[in-house]
Amino acid sequence: MTTGADVRDILELGGTDSENIGTINKKDIINSDKKKSKKSSETLTFKRPEGMHREVYALLYSDKKDAPPLLPSDTTQGYRTVKAKLGSKKVRPWKWMPFTNPARKDGAMFYHWRRAAEEGKDYPFARFNKTVQIPVYSEQEYQMYLHDDAWTKAETDHLFDLARRFDLRFVVIHDRYDHQQFKKRSVEDLKERYYHICAKLANIRAAPGTDLKIPVFDAGHERRRKEQLERLYNRTPEQVAEEEYLIQELRKIEARKKEREKRTQDLQKLITAADTTTEQRRAERKAPKKKLPQKKETEKPAVPETAGIKFPDFKSAGVTLRSQRMKLPSSVGQKKIKALEQMLMELGVDLNPMPTEEIVQMFNELRSDLVLLYELKQAFANCEYELQMLRHRYEALAKAGSCGPSSDGGLHADGQSGLNTEEGKGDGKEQIIDVVGAPLTPNSQQRKRRESASSSSSVKKVKKP
């Protein structure tokens, strides 16, 4: 007689002996499949590895855990099996038939399966059989136009025969050339002779008045090109490193030159803007004060963009506040804003005055002039610093030139320039003199000021005795 434990064991319900004690319910038998499916689904779950993309994981495991397909599917239903659509048309018959390849000259016969409707047609791949048209010359043409003392007729015939066999692949022609029977030739010599004959024959056989496209081959240029490539390939690592170093130095010099030109242009713009602003102020003072219409008061004189601050004009329709015209534009940096506030505090001007029409205009002009003054001071300080650096460098070079004999061409204290031969024997990298000047950054300015101070103190110590 079977017990509940036996039934549970048959149904694979599991459980301990204490759980198996008791009668079997109808619920246990009905829900046994669901429990099995839950258990099987838990065991079949596979977590996506870390680092694997979702698309790659979807290719490996689908919803039904099926293996990925071997061939891509072009159906709209994904990877599902599509039922075959059988029609009432008859199947096209195929036939085992012979064919010949026009590229072969031995008349070999081949066989393949082909549709019966295509019987008798040309071989479909015969259109890829392209051959180069090699000109043929006669004995009379060779003696009259193609004769060359450096080439015999037998050697020329051998060259044209190889050109016809190997379709103008001159590297292969040079490899198969009979160098034992004939003179040893290079690839450039073979090309030059072939294209020279082709150009001669084209000129002879062309009708008068026709425009010809004659191939021209420059053998000297080809030889020089290959020689340059060979020299480039045979460079030593030291030569490559030296070339890279020189290229980097050239780029640095060009960058410094562009930076110097840009700073010079900016300085010239500042000077022009300052002169223009001064002339406008003088003209306004001399002119009689008249009340102008409101539209003309908002119009400002044409000042260059670099002249201080360019405040935006509010010309859009609608209500605006005059205090918005006092707001600094976003183009003004935080450093200039802090300096501007400091100068206004020193002058005792309120940072946010009452925004009447006259105060707004005068306050904006004042801040624009202060920013222009700040930029001019910065440009003047940079010029003074560069002048000081050049002066110290000149003094150091003059001192180094005065230490050696006067006949070595060194730079003496009286201003005569030259080169010190003893210093020229050192490393080439130390002889480079920065004539253009590196772009100045805040850190580089502080470092150069310390170097200039130390160099000036050393020069003073030397001059004391």
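- When the shell of 6.0 Å around CD of E230 is examined, it contains 12 or fewer heavy atoms from other residues, nucleotides or ligands.
- Under the 4.5 Å side-chain criterion, counting only non-hydrogen atoms from C-beta, H158 is not in contact with Q181.
- Annotation for E155 and A150: closest pair OE1-O, 4.4 Å, computed over non-hydrogen atoms.
- You'll find the side chain of Y194 reaches within 4.5 Å of the side chain of L168, heavy atoms only.
- Side chains of R164 and V136 form a contact here, defined as non-hydrogen atoms less than 4.5 Å apart.
- Atom CZ of R256 and atom CZ of R263 lie 12.0 Å apart (nearest 0.5 Å).
- Applying the salt bridge (Lys or Arg N to Asp or Glu O under 4.0 Å) test to residues at least two apart or on different chains, the pairs with a partner in residues 93-104 are K95-E119, R104-D106.
- Between the side chain of N203 and the backbone N or O of A199, at least one donor-acceptor pair lies under 3.5 Å.
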Under the side chain to side chain contact (heavy atoms under 4.5 Å, CB included) criterion, do L146 and L201 qualify, and how do the steps go?
-> CA-CA 9 Å; L146 309 178; L201 292 175; 4.1 Å; yes

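- In this structure, E238 has no salt bridge (Lys or Arg N to Asp or Glu O under 4.0 Å) partners at least two apart in sequence or on a different chain.
- We find that R225 and E222 are joined by a salt bridge, their nearest charged nitrogen and carboxylate oxygen being less than 4.0 Å apart.
- Counting non-hydrogen atoms of neighbouring residues, nucleotides and ligands closer than 6.0 angstrom, the CG atom of D122 reaches no more than 12 such neighbours.
- Between Y195 and F170, the ring-plane angle classifies as tilted under the 30° and 60° cut-offs.
- For F125, the ring pair (Phe, Tyr, Trp, His ring centres under 6.0 Å) partners two or more places apart in sequence, or in a different chain, are Y123.
- Evaluation of the salt bridge (Lys or Arg N to Asp or Glu O under 4.0 Å) test over residues 123-139, restricted to residues two or more places apart or in two chains, returns E139-K153.
- Of all heavy-atom pairs spanning L232 and R235, the tightest one is O-NE, 3.1 Å.
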Given the rule in the side chain to side chain contact (heavy atoms under 4.5 Å, CB included) test, do L267 and N382 qualify, once you have shown the distances and angles that lead to the verdict?
-> CA-CA 11 Å; L267 182 60; N382 291 336; over 6 Å; no

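- Partner E375 forms a salt bridge (Lys or Arg N to Asp or Glu O under 4.0 Å) with one of K335, K336, K269 and no other, that one being K336.
- Salt-bridge check for R223 with D189: passed, with a basic side-chain N closer than 4.0 Å to an acidic carboxylate O.
- For T272 (side chain) and Q268 (main-chain N/O), a donor-acceptor pair under 3.5 Å exists by modelled atom type.
- Counting non-hydrogen atoms of other residues, nucleotides and ligands closer than 6.0 Å to NE2 of H221 gives a total of 12 or fewer.
- Taking 4.5 Å as the limit, every side-chain heavy atom of R193 sits out of range of all side-chain heavy atoms of R185.
- Nearest approach of A163 to I173, heavy atoms of both residues: CA-CD1, 3.6 Å.
- Taking H196 as the reference, nothing meets the ring pair (Phe, Tyr, Trp, His ring centres under 6.0 Å) condition, with sequence neighbours excluded.
- For the pair K226 and E188, the salt-bridge criterion is met [side-chain N within less than 4.0 Å of a carboxylate O].
- Using a 4.5 Å heavy-atom cutoff, the side chains of F182 and L159 are not in contact.
- Within 6.0 Å of CZ in F110 there are more than 12 heavy atoms belonging to other residues, nucleotides or ligands.
- With rounding to the nearest 0.5 Å, the separation of NZ in K258 from CD1 in I253 is 13.5 Å.
- Within the model, atoms CG of L190 and OH of Y177 stand 6.0 Å from one another, a figure rounded to the nearest 0.5 Å.
- For CZ of R176, the number of neighbouring non-hydrogen atoms (other residues, nucleotides, ligands) closer than 6.0 Å is 12 at most.
- Within the model, atoms CD1 of I247 and CD of E243 stand 4.5 Å from one another, a figure rounded to the nearest 0.5 Å.
- A heavy-atom distance below 4.5 Å is found between the side chains of E395 and H392.
- Taking NZ from K200 and OH from Y137, the interatomic distance works out to 15.0 Å, rounded to the nearest 0.5 Å.
- Under a cut-off of 6.0 angstrom, the local environment of NE2 in H53 is sparse, with at most 12 non-hydrogen atoms contributed by other residues, nucleotides or ligands.
- Here Y374 pairs with nothing under the ring pair (Phe, Tyr, Trp, His ring centres under 6.0 Å) rule; sequence neighbours left out.
- Heavy-atom neighbours of Q143 CD from other residues, nucleotides or ligands within 6.0 Å: above the threshold of 12.
- Nearest approach of Y111 to P98, heavy atoms of both residues: CE2-CB, 3.4 Å.
- Side-chain contact check for R367 versus V371: every heavy-atom pair is 4.5 Å or farther apart.
- Between atom CG of residue L376 and atom CD of residue Q378 there is a gap of 10.0 Å, rounded to the nearest 0.5 Å.
- Listed here is the closest heavy atom pair of L270 and A379: CD1-CB, 4.5 Å.
- When side chains are defined from C-beta on, L370 counts as touching L366, because their heavy atoms get closer than 4.5 Å.
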